[in-house]
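Please read the structure below before turning to the comments.
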Amino acid sequence: MKKISCFSYSFLASTALAFSISSTAVNASVLLSGWDGSTDSGFGFLAMESNDDSSSGPIVFDSYEALAFNNGLNFFGTTYDRFFINNNGNVTFNSPVGTYTPNAFPNSNQPMIAPFWGDVDTRCSECGDVFIGSPNEDTLVVTWNEVGYYSQNSNPTNTFQLVLIDREDTGAGNFDVEFRYEDIGWTSGEASSGVPAQAGYDAGDGENFFTVPGSQTASIADIDESNSNTGTPGIWKFAIRDGVLPGKNPENPILPIVDPETPTDYEFEFSIDEPDELVFIDPDVAVGYDYIVNSGPNIASVLLPEGYDDNMFDLFLWDDVLLDWLDTGTDITGGVEYDFTSPVDRFRIMGIDVSNMLDPTPDAFVTGLTFDSSGVINMNQNAVTVFVPDPTPVPAPSTLLVMLSALFGTLLMRKRK
């Protein structure tokens, strides 16, 4: 047990038990930096003095001319005009938080965005500090630069950022969230009983939250190098529109986890509570797709988008005897929900002509699925691709985003009653 500091510093006034050793930064290029401030760090202003478990004072969004969000930030239906930077790798909106061992999301009554909630300690002589800066009028960046862990340990350190991007151009209070990880060398402090850090965000309502895979496990140490939902190791990105998570409308679909070593394979993990709830996913596309449930409820129906060729897709099912896909002879019409005779754990659709020349990017093919029961699902949607020499660029097919009858959450994002 350790004593928690109860004091806080004002940004405006101040103008391990489980870790992996890493001596050099692996993803320095993912960091945002280079703007003016009260320090020569390139990250802006010092958010707070060196401390353990402390926080900044309330930072009002429009209190400094370079900061974004002059009209506030809409986070799950509540518009906030201020926030607190907590030394332990997160920001909160109702009050500062000094808790150093991460509580599994959801947490009641404390809206939080956490790029790396762990036991940060910046008191050591070789530890870095926490900064806040604004590279432009639409962007706010909080940087935990070479921060150590409790108690006053600086070997190794972590460097990561939280980026908030004002997207009022899409609606009042709308914003994007980015987690950027240069180097993660430790996962927990000496007082955290070995509980590793957690990354994600939480509405504070006990229902809506998102947790990056690997949180509170040893694999969170690899968040700077492993898969992400952008295809770039070390960068995760999420869009918050109308105060809700991605997936509530086709203009803001959920993105999959992308493994750079297998760029046509896309993994989803999500929880189903209300099978009739409308949620959207947006994986990549080539000439077809394999939909495979790795664990959890089976697929009861599918709704494919309209606008491809003759608007018809070929349905293949898996034959457990032949260990191969078999053409069922059934055609699925885009825009019309198709119910499987019996729920299936996998199926393939084909019929996207090569002439479409669709790049495998996360804005190409929105699919809706329903399932035969509630529960946590882990599944893949893997693109079936063919090689075409010298392809020509194709614009993002935004007109193909259609309303789907589906439930989809992802990345341990849950909607609870």
Next item on the list: Show your working on side-chain contact (heavy atoms from CB on, under 4.5 Å) between F371 and N298 and close with a plain yes or no.
Entry: CA-CA 6 Å; F371 300 87; N298 287 328; over 6 Å; no
Is the closest side-chain donor-acceptor distance between [X] and [Y] under 3.5 Å?
X	Y	answer
T211	Y201	no
N380	N294	yes
S151	E190	no
N86	S55	yes
Q110	D202	no
N88	D53	yes
D138	N136	no

Would you call the rings of [X] and [Y] parallel, tilted or perpendicular, where under 30° means parallel and over 60° means perpendicular?
X	Y	answer
Y308	F313	perpendicular
W325	W318	perpendicular
F116	Y181	perpendicular

Side chain [X], main chain [Y], donor-acceptor under 3.5 Å:
X	Y	value
T370	A300	no
Q161	W144	no
N174	D242	yes
W186	V147	yes

Margin query: Set out, in order, the CA-CA distance, both residues' side-chain angles and the distance that settles side-chain contact (heavy atoms from CB on, under 4.5 Å) for F160 and N145, then state yes or no.
Written below: CA-CA 7 Å; F160 55 93; N145 182 46; over 6 Å; no
Notebook entry, point to check: In chain order, what residues pass the side chain to side chain donor-acceptor pair (under 3.5 Å) check against D129, with sequence neighbours excluded?
Noted result: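 Applying side chain to side chain donor-acceptor pair (under 3.5 Å) to D129 gives S50.
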Item checked: D176 and R241 ion-paired at < 4.0 Å ->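 Between R241 and D176 there is a salt bridge, with a charged N closer than 4.0 Å to a carboxylate O.
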Checklist line | Partners meeting salt bridge (charged side-chain N to carboxylate O under 4.0 Å, His left out) with R346 (sequence neighbours left out) | finding: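 Applying salt bridge (charged side-chain N to carboxylate O under 4.0 Å, His left out) to R346 gives none.
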Checklist line | Separation between OG1 of T92 and CZ of F83, rounded to the nearest 0.5 Å | finding: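 Those atoms lie 9.5 Å apart.
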Note to self: What's the separation between atom OG in S41 and atom CH2 in W35, rounded to the nearest 0.5 Å?
What the structure shows: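 Reported to 0.5 Å precision, the distance equals 8.5 Å.
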